[in-house]
Amino acid sequence: MKTTELIGHVDSDCFYVSAERVRHEHLRRIPVGVLGNQGACVIAKSYELKARGVKTGMPIWDAAPLCPDAVFVKRDFRWYEVLSRKLLGIIRSVSPQVEYYSIDEMFFDASALHEPAENLQQRILSEVGIPVSIGISRSRTLAKLMSDVRKPFGCCTITEKEEIENFIHLQPVEELCGIGYRSTRKLHQHGIRTCWQFTQANRHFIRKLLTIKGEALWWELQGEAVTPILTERKKHKAIARGGSIGRPSTDRDRLWAWTVRDAERLIEELDFHRVLVGELVMKLSYKTAGDWSRSVRFASPTCDFDKLLEAAHRLHLVACLELQGHAITHIDLIAERLCERGAEQRSLFEVDEGNSSIARLKRETNAKLGRFALRSAATLPLTDIYNDEAFNYDVCDIRDKTCF
Amino acid sequence: MCDGVALSWREIPDELIGKHGLQRRLVKRGEDADREVQFLQRDRQPVLPVWAGGQLWVWTWGPGAQSRLPTNCCCNNESLEAGRWSWLEPQPVEIPASYVWHKGVWYQAVGGIRGILVYDALGIPHVYVLTQPASHYYKVMTRSDRMPVFLGDGI
């Protein structure tokens with residue numbers, strides 16, 4: 001894959017809030033929180049709300065008392081996707097190589113940029129209405145670090161080696177994308193607290209401490225672009241659907257309804273990517289801070305909804321038995337051991353009859369009438385969820401992103 | 001249900017602001033934020049902005065001093081449909097609002113909320129906020145079983 005001389009990183013400032021402000025001007029200059037997790041948590045906050053101590057992920061019942069005059073808005077991923085794709089279109093118009101990293105972040109080949117980053121920033125603001133921060137440097141790690149540091153609505157272009165060294169001198173190592181809590185702790189134990197100290201450490205030592213990913217960061221901080229811009233998403237190793245189920249539940253019917261909902265969403269994704277699943281994993285989290293996980297391996301890879309559901313049902317029954325009395329908070333179904341359709345190793349003993357006529361009818365009906373217009377009767381306990389259009393389109397439904 | 005609504009001061013004619021002494025209800029949510037008028041149920045004399053007959057009015061919210069009117073500030077939509085308010089000859093009205101306040105949470109209510117208008121024995125108008133069973137999202141957000149009937153997209 002071709003590497004580029006200069007890499008740019010565009011990062012939207014509090015994207016969901018900014019997107020709401022595009023269509024509701026009265027939300028400007030006031031503390032705003034966007035609520036997700038079925039209305040329970042703040043998933044995005046304006047800078048005014050952040051200044052009042054509200055953090056992303058905070059429950060609404062903690063956030064509202066901290067900032068009693070804040071206004072809370074319901075998330076709308078369909079609208080956010082419209083603006084995200086508009087933003088992507090603008091960046092594609094100025095660069096031959098663009099990576100759609102996430103709904104609000106994009107990397108691009110900045111070598112071909114014939115104007116200052118500030119002009120691009122102003123164009124995005126006037127055409128999309130979203131304020132962004134832009135970083136341009138010799139690697140994506142440096143570009144991202146620069147856009148982060150200059151937030152909100154900042155621009156930072158540093159390309160000369162000496163200037164890069166000056167820039168990273170005081171940047172805390174935990175600011176690096178890919179350095180989480182555990183890695184930070186490990187680095188601190190060895191006296192590495194700044195990005196500069198990170199670059200001065202022995203490369204082999206960093207690799208030993210933080211694996212090959214840590215070594216890639218080491219190179220990137222030196223200005224060597226080792227992680228290319230991905231103009232297309234890599235093939236999935238696994239596909240998951242699920243998440244929070246709202247209020248914790250021990251109700252078997254409701255838990256099964258969530259599982260079926262996740263299975264229906266999962267099969268959509270398997271169909272879209274034209275893949276078969278070799279193993280289905282069910283992961284549950286429960287209120288007493290535990291995780292539970294079991295899997296079913298198929299005799300031969302499948303995309304048959306009934307087989308997937310049957311496997312999910314077996315896992316559900318085991319979960320009910322083993323987690324009796326525990327209130328479940330999250331359910332995830334993960335399709336693993338994926339292979340392309342037509343390239344699978346067929347079992348000698350199993351005849352794959354393909355999707356049942358009911359599954360086919362459901363797919364065709366929903367293609368005409370809209371997602372979930374026809375759904376399994378087992379999901380009836382979730383009618384309140386299905387009645388709300390906002391729940392029927394999630395950030396993971398926005399395709400082609402290279403990250404989450 | 002509803003403990004208050006807020007409306008941008010730009011949407012309220014100066015004449016109404018002066019007539020009803022709404023200046024004291026003007027607030028700003030931030031230093032550079034636009035001013036808004038807050039109409040709260042806890043006010044000594046609660047009032048609401050109301051669109052009726054192509055005009056914006058400010059009318060008493062709930063029974064006020066009229067003991068013969070229902071004592072709540074809200075009207076249960078089910079009881080309205082069952083005819084339990086018919087003796088008051090209620091008329092539907094629209095309550096414009098940028099935001100609604102309930103159980104300590106301000107949330108956006110695009111378009112506003114619905115209400116009913118009734119007259120007391122002296123012919124004075126009173127407004128009640130129309131309510132319905134809360135959606136799942138609303139229940140989680142406010143921990144309330146009832147929510148207003150929204151004019152625009154529900155939440």
Side-chain angles (χ1 to χ4, degrees), chain A residues 17 20-21 23-42 46-52 54 59-76 78-79 244-249 254 381-392, chain B residues 2-12 25-40 42 49 96-113 132-148 150-155:
Chain A
V17 172
E20 291 296 342
R21 284 171 169 169
R23 59 180 177 179
H24 303 298
E25 206 171 323
H26 56 253
L27 294 172
R28 290 176 191 213
R29 298 179 296 279
I30 66 169
V32 178
V34 175
L35 296 179
N37 209 357
Q38 299 165 36
C41 288
V42 177
S46 67
Y47 288 98
E48 296 85 354
L49 190 60
K50 187 180 179 182
R52 304 283 284 273
V54 173
I60 174 78
W61 42 90
D62 292 337
L66 270 180
C67 186
D69 52 355
V71 173
F72 294 96
V73 182
K74 191 178 186 178
R75 63 166 217 191
D76 179 357
R78 285 188 181 87
W79 172 240
S244 165
I245 63 162
R247 64 174 185 275
S249 178
R254 199 166 170 88
L382 299 181
T383 299
D384 49 352
I385 301 292
Y386 284 95
N387 281 347
D388 193 328
E389 271 297 304
F391 291 152
N392 293 337
Chain B
C2 175
D3 298 326
V5 302
L7 187 61
S8 168
W9 70 282
R10 294 170 197 276
E11 294 183 41
I12 307 173
R25 296 170 194 255
L26 278 170
V27 294
K28 282 168 86 177
R29 288 177 197 264
E31 222 171 275
D32 305 320
D34 217 1
R35 285 186 298 171
E36 60 189 58
V37 181
Q38 291 187 352
F39 301 88
L40 306 179
R42 71 179 180 203
S98 311
Y99 318 119
V100 173
W101 192 46
H102 189 199
K103 293 211 167 182
V105 176
W106 282 103
Y107 59 88
Q108 181 170 238
V110 180
I113 56 178
Q132 60 186 338
S135 66
H136 176 76
Y137 173 91
Y138 197 93
K139 272 185 207 166
V140 175
M141 180 176 71
T142 61
R143 297 175 174 182
S144 169
D145 288 334
R146 297 200 64 83
M147 66 179 187
F150 297 101
L151 278 165
D153 294 336
I155 66 169

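Proteins get letters first, then strands, A, B, ... in listed order; numbering begins at 1 in each.
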Partners passing side-chain contact (heavy atoms from CB on, under 4.5 Å) against Trp61(A) (at least two apart in sequence or in another chain):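 Counting only residues at least two positions away or on another chain, Trp61(A) forms a side-chain contact (heavy atoms from CB on, under 4.5 Å) with Ala40(A), Pro59(A), Arg143(B).
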With a 4.5 angstrom heavy-atom cut-off, could you sort out which part of Gln38(A) is near chain B: side chain, backbone, both or neither?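 Both backbone and side chain of Gln38(A) come within 4.5 Å of chain B.
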Working to the nearest 0.5 angstrom, can you tell me the gap between Tyr138(B) OH and Lys74(A) NZ?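 So the gap between those two atoms works out to 12.0 Å.
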How many angstroms lie between atom CZ of Arg42(B) and atom CH2 of Trp101(B), to the nearest 0.5 angstrom?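 Output value for this atom pair is 4.0 Å.
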Counting heavy-atom pairs under 4.5 Å with chain B, which one of Arg29(A), Glu389(A), Glu20(A) comes out on top?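 Looking at each of Arg29(A), Glu389(A), Glu20(A) in turn, Arg29(A) comes out on top.
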Counting only non-hydrogen atoms closer than 4.5 Å, does Tyr137(B) touch chain A with its backbone (N, CA, C, O), its side chain (CB onward), both, or neither?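 Both backbone and side chain.
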So, for Asn392(A) and Ile385(A), which heavy atoms are closest and what is the spacing to 0.1 Å?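 For Asn392(A) and Ile385(A), the tightest heavy-atom pair comes out as OD1-O, 4.3 Å.
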What pair of heavy atoms forms the shortest contact from His102(B) to Tyr107(B), and how long is it?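 Heavy atoms of His102(B) and Tyr107(B) come nearest at CB-CE2, 4.2 Å.
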Between Asp384(A) and Ser135(B) (side chain of the first, backbone of the second, donor and acceptor by atom type, cut-off under 3.5 Å), is there such a pair?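 No, because the side chain of Asp384(A) does not come within donor-acceptor range (under 3.5 Å) of the backbone of Ser135(B).
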Using only atom types and a distance under 3.5 Å, with no angle test, would you say the side chain of Arg21(A) pairs donor to acceptor with the backbone of Leu27(A)?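 Side chain of Arg21(A) to backbone of Leu27(A): a pair is present.
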Close contacts, residues 25-35 of chain B versus chain A, judged by heavy atoms under 4.5 Å: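 So the qualifying residues are Arg29(B), Gly30(B), Asp32(B), Ala33(B).
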